[in-house]
Amino acid sequence: MPRKVSIFGATGSIGQNTLDLIRRDINTYEIIALTGGANVEQLARDARELGAQVAVTAYDDRLGELRDALGGSGVEAAAGAHALQEAAERPADWVMSAIVGAAGLKPGLTALRHGGTLALANKESLVTAGPLLMAEARAHGAQVLPVDSEHSAVFQALVGEDVGAVERIVITASGGAFRDWPLEKLKTATPEQASQHPNWAMGQRITIDSASMFNKALELIETHEYFGISPDRIEAIMHPESLVHALVCFCDGAIMAHVGPHDMRHAIGYALHWPERRDLPVERLNLARIGALTFRAADEARWPALRLAREVMQTGGLAGAVFNAAKESALDGFLAREIGFTQMPEIVERVLTLMSVDYSLSSAQIVLDNVLEMDRVARQYAAEAIRAVT
Ligand code: NDP
Ligand code: MG
């Protein structure tokens, strides 16, 4: 029986890497749903080629275009948030969650109900609603496998280990586009400059989040939510080469480091074939040629996003949903050139501060309605905070 797979965010960087792996072995898969956003042409091309059951664009007004592009293929065309949910309701054994942003939460939660595997690239799901997502997976006997490279690395380093023997988890950060820029110059950084990652080829939003360290901030929270390790035992360390993805430090002094090329097909492939390891089309590292791997402390004064992540983990509850939504809005503001690069963490901090006073973030119940409401409200607070500085 072919394995039924669905890919949410199929037109993106993670989605396309996932399809690259699936194409190599297409006869063993049955493609249920492929989803995308604005890139309707790519979505239709892939859905047609792979014989998907349904192709969904997130945008209602793109339905006609998608239908035309799929004409005569036998692939159903659908559009909008409701159609994304309907696609997630279709039973699948393996679902890739690779929509960018909080928009990925609901389809991921729904897909868990089939009790299959959710390969989770959408870190925002864990940041906004980690306890809810993990509880839903347990309730339905579903498996959530991390696809973020650092978290896949930790997961792999923990195979056969007792989590109780873990002292610390260290995730690495390349430092993004501005790792060597003087602090003063950061104020002048443009979206174009922030969109150039020194090592990884990724979607634009996560690339800018890497430059601001918001990506690493989200990943600290993701580590806490996924592995259940207390925040004081999780840290980020700068590692410009991006070859060691994470280190797990055990109580006997041993450190298990995961080393691999910066190619997301490794983490995606691991989640696709887990619990087996299969041959993957990624570069084999020649450590003698690489010569040196370097590390340095991550300066939390330089990167306020890291300090804010600690505060969010301290507060708990719905603080993660507020943090993520404010971050997404601040990023939109930066992309629209309404605020500067260094104003992004200022906006996020302002929203967190105000909403901590106006709402009981730490004690609120982490249920979907509350998460979505805090997400919505945080975007309003962020829009106001952006207006106030422009
Ligand atoms: P991309 O921007 O490349 O792709 C995002 C995907 O989501 C696209 O298919 C896009 O459609 C779709 N999309 C965008 N907005 C919406 C929306 N509102 N509703 C539904 N679908 C939408 O992102 P990445 O692939 O880089 O990242 C995807 C996720 O994986 C993110 O959560 C990111 O943090 C995470 N991740 C990514 C890594 C990477 O290497 N890229 C590494 C680790 C984690 P379209 O393009 O057609 O508009
Ligand atoms: Mg990562």
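Start at 1 and go down the list; that is how both ligands and their atoms are numbered. It should be emphasised that the depicted structure is a prediction, and the values quoted were computed from it without experimental measurement. One-based numbering along the sequence shown.
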Without swapping roles, check the side chain of Ser97 against the backbone of Leu120 for a donor-acceptor pair under 3.5 Å.
no
Do Asp20 and Gln16 have a side chain donor and acceptor closer than 3.5 Å?
no
Can you tell which of Ala121, Pro146, Ser97 gets a heavy atom nearest to atom 35 (C) of ligand 1?
Ala121
Ligand 1 to Asp148 polar contact by distance, N or O atoms, under 3.5 Å
no
Look at atom CD of Gln365 and say whether more than 12 heavy atoms of other residues, nucleotides or ligands are closer to it than 6.0 Å.
no
How long is the gap from CD1 on Ile221 to CG on Leu126, to the nearest 0.5 Å?
10.5 Å
When hydrophobic residues are tied together by side-chain contacts of less than 4.5 Å, even through go-betweens, does Ile268 share a cluster with Leu118?
no
Without hydrogens or angle criteria, can the side chains of Ser174 and His197 be said to hold a donor-acceptor pair below 3.5 Å?
yes
Exam field: side chain Arg310 to backbone Asp232, donor-acceptor pair closer than 3.5 Å:
no
So, are Lys123 and Glu225 salt-bridged, with charged N and O less than 4.0 Å apart?
no
Gly203, any N or O under 3.5 Å of ligand 1 N or O:
yes
State whether the shortest distance between N or O atoms of Met264 and N or O atoms of ligand 1 falls below 3.5 angstrom.
no
re atom 27 (O) of ligand 1, the protein heavy-atom contact at minimum distance is Ile14 CG1, 4.2 Å
Residue Met202 vicinity, atoms of ligand 1 by number, heavy atom under 4.0 Å:
39 (C), 40 (O), 41 (N)
Which residue and atom name correspond to the protein heavy atom nearest atom 34 (O) of ligand 1, and how close is it?
Lys123 CE, 3.2 Å
Would you say the side chains of Glu349 and Thr353 form a donor-acceptor pair under 3.5 Å?
no
With heavy atoms of Asn122 as the reference, note each atom of ligand 1 found under 4.0 Å away.
32 (O)
Quick check on the 6.0 Å ring-centre criterion: do Phe227 and Phe155 meet it?
no
Atom 15 (N) of ligand 1: which protein heavy atom is closest, and how many Å away?
Tyr59 OH, 3.8 Å
Which residue owns the protein heavy atom closest to atom 14 (C) of ligand 1, what's the atom, and how far is it?
Val100 CG1, 3.8 Å
Which atoms of ligand 1 sit under 4.0 Å from any heavy atom of Asn39?
45 (P), 47 (O), 48 (O)
For His266 together with His258, are the ring centres under 6.0 Å from each other?
yes
With heavy atoms and a 4.0 Å threshold, my read on which part of Ala103 contacts ligand 1 is side chain
Can you list the ligand 1 atoms lying under 4.0 Å from a non-hydrogen atom of Ala38?
45 (P), 47 (O), 48 (O)
Give me the nearest non-hydrogen protein atom to atom 9 (O) of ligand 1 as residue plus atom name, then the distance to 0.1 Å.
Thr11 OG1, 2.7 Å
Which ligand 1 atoms, with their elements, are less than 4.0 angstrom from a heavy-atom of Gly36?
11 (O), 47 (O)
Just checking, any donor-acceptor pair under 3.5 angstrom between side chains of Thr223 and Glu150?
no
Provide the number and element of each atom of ligand 1 under 4.0 Å from a heavy atom of Gly9.
6 (C), 7 (O), 9 (O)
Test item, Glu124 contacting ligand 1 (heavy atom, 4.0 angstrom)
yes
Among protein heavy atoms, which sits nearest to atom 22 (C) of ligand 1, and what does the distance come to when rounded to 0.1 Å?
Ile99 CG2, 3.7 Å
Among protein heavy atoms, which sits nearest to atom 4 (O) of ligand 1, and what does the distance come to when rounded to 0.1 Å?
Gly12 CA, 3.1 Å
Which single N/O/S atom of Glu150 lies at minimum distance from the Mg ion (ligand 2)?
OE1
Heavy-atom nearest neighbour in the protein, as seen from atom 11 (O) of ligand 1, with distance rounded to 0.1 Å:
Gly37 N, 2.9 Å
When you compare ligand 1 with Ser13, is there at least one nitrogen or oxygen pair between them that comes in under 3.5 angstrom?
yes
Going by atom types alone, do His82 and Glu86 pair a side-chain donor with an acceptor below 3.5 Å?
no
Using the Mg ion (ligand 2) as the apex, give the angle to atoms OD1 (Asp148) and OE2 (Glu219), rounded to 10 degrees.
90°
Under 3.5 Å, is there a donor-acceptor pair linking the side chains of Arg350 and Gln343?
no
Does the ring centre of Tyr226 sit less than 6.0 Å away from the ring centre of His151?
no
Applying a heavy-atom cut-off of 4.0 Å, say which part of Ile206 lies close to ligand 1: side chain, backbone, both or neither.
side chain
With a 4.0 Å cut-off on heavy atoms, is Ala98 touching ligand 1?
yes
